[in-house]
Amino acid sequence: MSEHHSFHHIYPWTKAPLIVSAPMRDVSGPALAAAVSAAGGLGFIAGGEDVSGLENKLSEAARLVAEHKARRGSPDDNSLLFHNSSSLPVGIGVINWGADFNVALPLIVKYRPCAVWLFAPSESASDQIPWVQQIREQTDGDVAIWVQVGNIEEACAAVAELQPDVLVLQGSDGGGHGLVRSASVLSLVPEMIDRLQTKFFDGSSNTVIPKIVAAGGLADGRGAAAAFTLGAEAIAMGTRFLASFEADIPKEYQQAIIEAKYGGANTVRSHVFDSARGTSQWPSKFEPRGVINRTYTEFIAGNTTEPDNYQRYHEALRNREQYGPNGRIDTLCGTSVGLVGEVLPAGEIVRKIARDTERILLTDRWSKL
Ligand SMILES: Cc1cc2nc3c(=O)[nH]c(=O)nc-3n(C[C@H](O)[C@H](O)[C@H](O)COP(=O)(O)O)c2cc1C
């Protein structure tokens, strides 16, 4: 994968503009990933920081892909038939500070997901070097390396240390965990593209320029078109796919996503969600973004201690009504949540956003100028 090919060249079942479903821990399972890929996108299964359940997810994905292939020719299942390689047309995501390399690697070798999406090393990109080296060595380059980063410093380190095939630039609007210190994709994407051209593409270096994917705050064709205009070659979305039929998500969580509005005012990136949930092992530079709820407001107001908040959170878990602003269970999502008003099949989300993006980029702009 040394030359700069289009995504369609690398993943023949995909269509431009490429829409990717991001790995979301506990939410992005095989059904979501397979549906996104079957619609001409690229779906990622979340391996998370505990990859003990990964084999079941991969074997289920292989089964679903075979099922989609058998339906070739039906109007909503056209694309996987173009994919004849032995790798699976879905990717997997791992959270590096926790994921057990010795468990994940043999599964990657066995099932050959078409991409592995690395995120959140304990310290820095160099922690991820063994993953990159071994995956490449043991899969004959069948499995592409995607690395998600959240600011220019991290992005440059990832390029220098890992030479990823794809760099996912996660802007500050994104849902779930992201860097405390980050910028929106609006400046992150073009600034990184400039850096790549000057720093790594000066003729003196053999570094392969990665493909750029934008993530964070993108939930419809308008955001996607903006990201492509900034120079991204694909977009990845998490929050939008929380409201898909195939997401593994409690329906009360999904309902809270549909109801949430004004993500700038009503979501926040905060470690309080981690401490209440008991997931404080995240490196401190990452915090999760979610709907401002009682877990957050009561703690910030000084009305509860950390241990109390933890206890109340776990009591609330037994009652799934407690999502959203008046609840305690975290409703992780990004600032784009106000644009997500309807639960749809994942394939329809992919097709609609691709269609709208194309229309905006190819026609609307010109007719309005
Ligand atoms: C509920 C949730 C869980 C997430 N889990 C993961 C994860 O396991 N691994 C990962 O790399 N990114 C994870 N992310 C971040 C996504 O990869 C992506 O950066 C983000 O969703 C993009 O922003 P958006 O939510 O505005 O679309 C998660 C995001 C959400 C909303």
Side-chain angles (χ1 to χ4, degrees), residues 19-29 32-33 36 42-51 53-54 57 91-99 104 115-121 128 131 145-151 154 158 164 166-179 182 184-186 188-189 213-220 223-224 226-227 232 234-244 247-250 253-254 256-257 260 263-264 267 269 273-274 277 279 282-283 286-291 323 329-340 349 353:
I19 312 293
V20 175
S21 62
M24 291 184 283
R25 180 183 175 276
D26 293 341
V27 175
S28 304
L32 176 57
V36 167
L42 175 46
F44 279 84
I45 294 169
E49 75 279 3
D50 173 5
V51 288
L54 191 55
K57 293 177 193 167
I92 63 160
V94 290
I95 294 175
N96 285 112
W97 61 258
V116 175
W117 165 312
L118 307 177
F119 181 51
Q128 295 163 315
W131 286 79
I145 303 293
W146 291 42
V147 178
Q148 177 166 251
V149 291
N151 65 27
E154 269 201 347
V166 175
L167 201 53
V168 182
L169 298 176
Q170 182 197 41
S172 50
D173 290 301
H177 284 84
L179 286 185
S182 61
S184 79
V185 290
L186 222 49
L188 183 58
V189 170
V213 175
L218 311 173
D220 63 16
I235 64 139
M237 299 186 295
T239 298
R240 174 58 268 200
F241 286 109
L242 290 172
S244 65
D248 284 331
I249 183 172
Y253 181 177
Q254 196 165 55
I257 293 296
T267 72
R269 194 175 287 292
F273 298 129
D274 271 335
R277 200 164 62 155
T279 48
W282 275 86
F286 295 99
E287 289 182 355
R289 181 183 288 282
V291 169
Y323 285 87
I329 307 176
D330 44 36
T331 306
L332 297 187
C333 63
T335 61
S336 71
V337 68
L339 296 170
V340 181
I349 294 172
I353 294 185

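One-based numbering, in listed order, for ligands and for the atoms of each.
One N or O on the side chain of Gln254 and one on the backbone of Ser244 form a donor-acceptor pair closer than 3.5 Å.
No side-chain N or O of Ser182 forms a donor-acceptor pair with one of Asn151 less than 3.5 Å apart.
For the salt bridge (Lys or Arg N to Asp or Glu O under 4.0 Å) test, residues two or more places apart in sequence or in another chain that qualify with Glu154 are Lys285. With sequence neighbours left out, the side chain to side chain donor-acceptor pair (under 3.5 Å) criterion links Asp220 to Arg222.
Within 4.0 Å of ligand 1, counting heavy atoms only, the contacting residues are Ala22, Pro23, Met24, Arg25, Ile95, Trp117, Phe119, Gln148, Gln170, Gly174, Gly175, Gly176, Gly216, Gly217, Met237, Gly238, Thr239, Tyr253, Leu332.
Remark: aromatic rings of Trp146 and Phe44 are close, center separation under 6.0 Å.
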Taking only distance into account, with no hydrogens and no angle test, what donor-acceptor pairs under 3.5 Å do side-chain atoms of residues 329-339 form with protein atoms, sequence neighbours excluded?
from	atom 1	to	atom 2	distance (Å)
Asp330	OD1	Tyr313	OH	3.3
Thr331	OG1	Gly324	N	2.9
Thr335	OG1	Asp173	OD1	2.8

